[in-house]
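As structure tokens, the structure follows; a few thoughts come after it.
Remember, predicted model here, so these are calculated numbers, not experimental data.
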Number of protein chains: 2
Amino acid sequence: MILGNQVEWALHCMTVLGRMPEGVQVSAKLLAEFHGVPKEYLSKAMQALAAAGLVNTTPGPKGGYSLSRAPSKITMLDIVEAVEGKKVTFNCQEIRGNIPCKGKPAKPTSVCTIASVMYKADNAWRDVLRKQKLSDMISSVIEVVPEDALEYSNNWLFEKN
Amino acid sequence: MILGNQVEWALHCMTVLGRMPEGVQVSAKLLAEFHGVPKEYLSKAMQALAAAGLVNTTPGPKGGYSLSRAPSKITMLDIVEAVEGKKVTFNCQEIRGNIPCKGKPAKPTSVCTIASVMYKADNAWRDVLRKQKLSDMISSVIEVVPEDALEYSNNWLFEKN
């Protein structure tokens, strides 16, 4: 059970878009070149972010992506679920319903003990991602990356955009 | 990111093996019939449990599986990891290393902010499963399933074994 690479790409792209001045859009092509990842696959992730309403997009040669709302209003879970889907990581097939038991299954409306713990674990995973805002991630990037390196990469984006 | 069906099967089979009297082994064929799942795929899950040291197995026509230790010494995480592997759910490819930044990457030894949150979420998921023992699951099954239904299914297993 491993997340696709596009989750990592989307998270990084969102931190970049969140650092752009208002009104500036960045193309998928440029985001791909910036991160050194394949444009075709990144485009799909960006389209998924747009479909989830996390980014605005303008088509055409001058088009690109920008955040649809403030980074403090977007969580890591929003981004991960936009790309990976919202399906719970445990797919209960209710195999207990197949067990020979004289036509007397366990309370049929109750959730299976096994499934309930698996759902609890899934929720714990999502809770961590829900508590982390995009704005927190951007603050952390600004804190960790040396100022001149950040300026250089920002200028690289502005010049190519 | 969804776990394979064999995780559910393995968890159910372990609760069955945990209810068997000491010394009784149950074959993969019978466990498959009991749960209404394909024997070939279940066998692979049972072999994974054996490889992880969670069950003992005896080959041959009279062979089968039994727990290798007390249900209180086996966690749900042990079972899930035996079948699904221990790899972290987020595969960080360190794409930040590709970002143009004048040859001055962020402190190279530090974990990327994005990856650190993803790892924290992964740990939260595992922690829930680590806290749940197989003995807890068995107690819950005994509590939820009506006594006569449990007796019927146990007898079914003993007669066919």
Side-chain angles (χ1 to χ4, degrees), chain A residues 1-5 7-9 11-12 15 34-37 76 80 84-85 87-93 95-102 104-107 110 112-115 117-118 120-129 132 136-137 140-141 144-146 148-150 152-153 156-157, chain B residues 1-5 7-9 11-12 15 34-37 76 80 84-85 87-93 95-102 104-107 110 112-115 117-118 120-129 132 136-137 140-141 144-146 148-150 152-153 156-157:
Chain A
M1 185 180 76
I2 296 175
L3 291 160
N5 294 335
V7 170
E8 181 188 11
W9 305 349
L11 289 164
H12 276 279
T15 66
F34 185 74
H35 292 106
V37 301
M76 262 179 87
V80 171
E84 195 73 20
K87 270 195 182 164
V88 70
T89 49
F90 182 70
N91 177 26
C92 175
Q93 297 203 303
I95 63 168
R96 64 181 172 160
N98 304 332
I99 294 173
C101 66
K102 214 179 170 180
K104 286 188 181 178
K107 298 169 194 163
S110 70
C112 170
T113 307
I114 289 171
V117 179
M118 295 304 288
K120 192 178 163 193
D122 184 276
N123 282 333
W125 178 74
R126 274 171 228 274
D127 279 348
V128 171
L129 301 180
Q132 189 78 8
D136 301 328
M137 289 197 287
S140 175
V141 167
V144 169
V145 179
D148 56 346
L150 206 61
Y152 182 90
S153 66
W156 185 96
L157 272 170
Chain B
M1 185 180 78
I2 296 175
L3 291 160
N5 293 335
V7 170
E8 181 187 11
W9 305 349
L11 288 165
H12 277 278
T15 66
F34 185 74
H35 292 106
V37 300
M76 262 178 88
V80 172
E84 195 72 21
K87 271 196 182 163
V88 70
T89 49
F90 181 71
N91 176 25
C92 176
Q93 297 203 304
I95 62 167
R96 64 179 171 160
N98 304 332
I99 294 174
C101 67
K102 215 179 170 179
K104 285 188 182 178
K107 297 168 195 163
S110 69
C112 171
T113 307
I114 290 171
V117 179
M118 295 303 289
K120 191 178 164 193
D122 183 276
N123 281 333
W125 178 73
R126 274 172 228 274
D127 279 348
V128 171
L129 301 179
Q132 189 79 8
D136 300 329
M137 290 196 287
S140 175
V141 166
V144 170
V145 180
D148 56 347
L150 205 61
Y152 182 90
S153 65
W156 185 96
L157 271 170

request  = For chain A, find which of V128(B), L3(B), N98(B), I95(B) contributes the most heavy-atom pairs closer than 4.5 angstrom.
outcome  = I95(B)

ask   = E8(A) versus chain B, heavy atoms under 4.5 Å apart: side chain, backbone, both or neither?
value = both

message = Distance check, rounded to the nearest 0.5 Å: W125(A) atom CH2 versus M118(B) atom CE?
response = 5.5 Å

ask   = Is the side chain of Q93(B) donor-acceptor paired with the backbone N or O of N5(A) at a distance under 3.5 Å, no angle test?
value = no

remark   = Of the listed T113(B), D136(B), D122(B), D127(B), the one with the largest count of heavy-atom pairs under 4.5 Å with chain A is T113(B)

query = Is K120(B) close to L129(A) at the side-chain level, that is, under 4.5 Å between some pair of heavy atoms?
reply = no

message = Which atoms of C92(A) are under 4.5 Å from chain B, going by heavy atoms: the side chain, the backbone, both sets, or neither?
response = both

inquiry  = I need the residue from H12(A), M76(A), E84(A) with the largest number of non-hydrogen atom pairs under 4.5 Å to chain B.
reply    = H12(A)

request  = Quick one: which of F34(A), F90(A), W156(A) has the most heavy-atom pairs under 4.5 Å with chain B, could you say?
outcome  = F34(A)

inquiry  = Need one label for V117(B): side chain, backbone, both or neither, based on atoms under 4.5 Å from any heavy atom in chain A.
reply    = both

ask   = Between P100(B) and S153(A), what is the shortest heavy-atom contact and its length?
value = O-CB, 2.9 Å

Residue, of T15(B), L11(B), L150(B), that accumulates the most heavy atom pairs under 4.5 Å with chain A = L11(B)

key: Contact origin within V88(A) toward chain B - heavy atom pairs under 4.5 Å   = backbone

query = Taking side chain as C-beta onward, heavy atoms only, is V145(A) less than 4.5 Å from R96(B)?
reply = no

